[in-house]
Amino acid sequence: QVQLVESGGGLVQAGDSLRLSCAASGRPFNPYAMGWFRQAPGKEREFGAAFRWSGVRQDYGDPVKGRFTIPRDNAEQTVYLQMNTRNREDAAVYYCATTIKPTPLSGTTDSRNFESWGQGTQVTVSS
């Protein structure tokens, strides 16, 4: 069973950058895909970004495209979410997730395709 632990959330001003981390532990760690989702109060969980571990292509949700990236450190089994915040709409609990099931990149926008989740990290954006 893989455990995911997010960190790096906090209070930022709109326009600031923030980097979230998602550290994976447990054996074996053999993800097929990993992703970041976010959920604001009263809203459904929203796709942020995802990639297939063995690939180079990344996919981003429209609200974050061009502002967020997902670098990773394979050796440390850590995935990051590099955020350039824009406004309070970026405020949410951010979750990382992983799946070991072969999933097309288009399928990684659906949170139901991920079976392992972290506990989330809160990002608050002030204007």
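Of the possible donor and acceptor atoms, one in the side chain of Glu6 sits under 3.5 Å from a partner among the backbone N and O of Gln119. Glu115 places a side-chain N or O within 3.5 Å of a backbone atom of Ile100 that can act as its donor or acceptor partner. A donor-acceptor contact shorter than 3.5 Å links the side chain of Thr99 to the backbone of Asn113. Between the side chain of Arg52 and the main chain of Thr108, no donor-acceptor pair closer than 3.5 Å is present.
At least one side-chain heavy atom of Arg38 sits under 4.5 Å from a side-chain heavy atom of Asp90. Looking only at side-chain heavy atoms (C-beta outward), Pro63 and Glu89 stay at 4.5 Å or farther from each other. The shortest distance between side-chain heavy atoms of Asp59 and Thr109 falls below 4.5 Å.
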Sequence neighbours excluded and cut-off under 3.5 Å, please list the side-chain donor-acceptor pairs for residues 7-19, or say none.
{"unit_1": "Asp16", "atom_1": "OD2", "unit_2": "Gln13", "atom_2": "N", "d": "3.3"}
{"unit_1": "Ser17", "atom_1": "OG", "unit_2": "Asn84", "atom_2": "OD1", "d": "2.6"}

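A distance of 11.0 Å separates SG in Cys22 from CD1 in Ile70, rounded to the nearest 0.5 Å. In this structure, the separation between OH on Tyr60 and NZ on Lys65 is 10.5 Å, given to the nearest 0.5 Å. Rounded to the nearest 0.5 Å, atoms CD (Glu46) and OG (Ser111) are 11.5 Å apart. Summarising the geometry, atom CG belonging to Asn30 is positioned 10.0 Å from atom CH2 belonging to Trp53; distances are rounded to the nearest 0.5 Å.
The two residues Leu4 and Met34 have their closest heavy-atom pair at CD2-CE, 4.1 Å. Residue Gly55 comes nearest to Arg72 through the heavy atom pair O-NH2, 3.2 Å, listed as atom of the first residue, atom of the second, then distance. Smallest separation of non-hydrogen atoms from Ala40 and Ala91: CB-O, 3.7 Å. Scanning all heavy atoms of the two residues, the minimum distance from Tyr94 to Leu20 falls at CB-CD1, 3.5 Å.
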TODO: Could you walk me through whether Val79 and Trp36 pass side chain to side chain contact (heavy atoms under 4.5 Å, CB included), step by step?
DONE: CA-CA 9 Å; Val79 175; Trp36 284 94; 3.5 Å; yes
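Put simply, Leu105 and Leu81 are part of two different groups of oily side chains (I, L, V, M, F, W, Y) that touch within less than 4.5 Å, one to the next.
The hydrophobic cluster containing Trp117, built from Ile/Leu/Val/Met/Phe/Trp/Tyr side-chain heavy atoms closer than 4.5 Å, also comprises Phe37, Phe47, Val93, Tyr95, Phe114.
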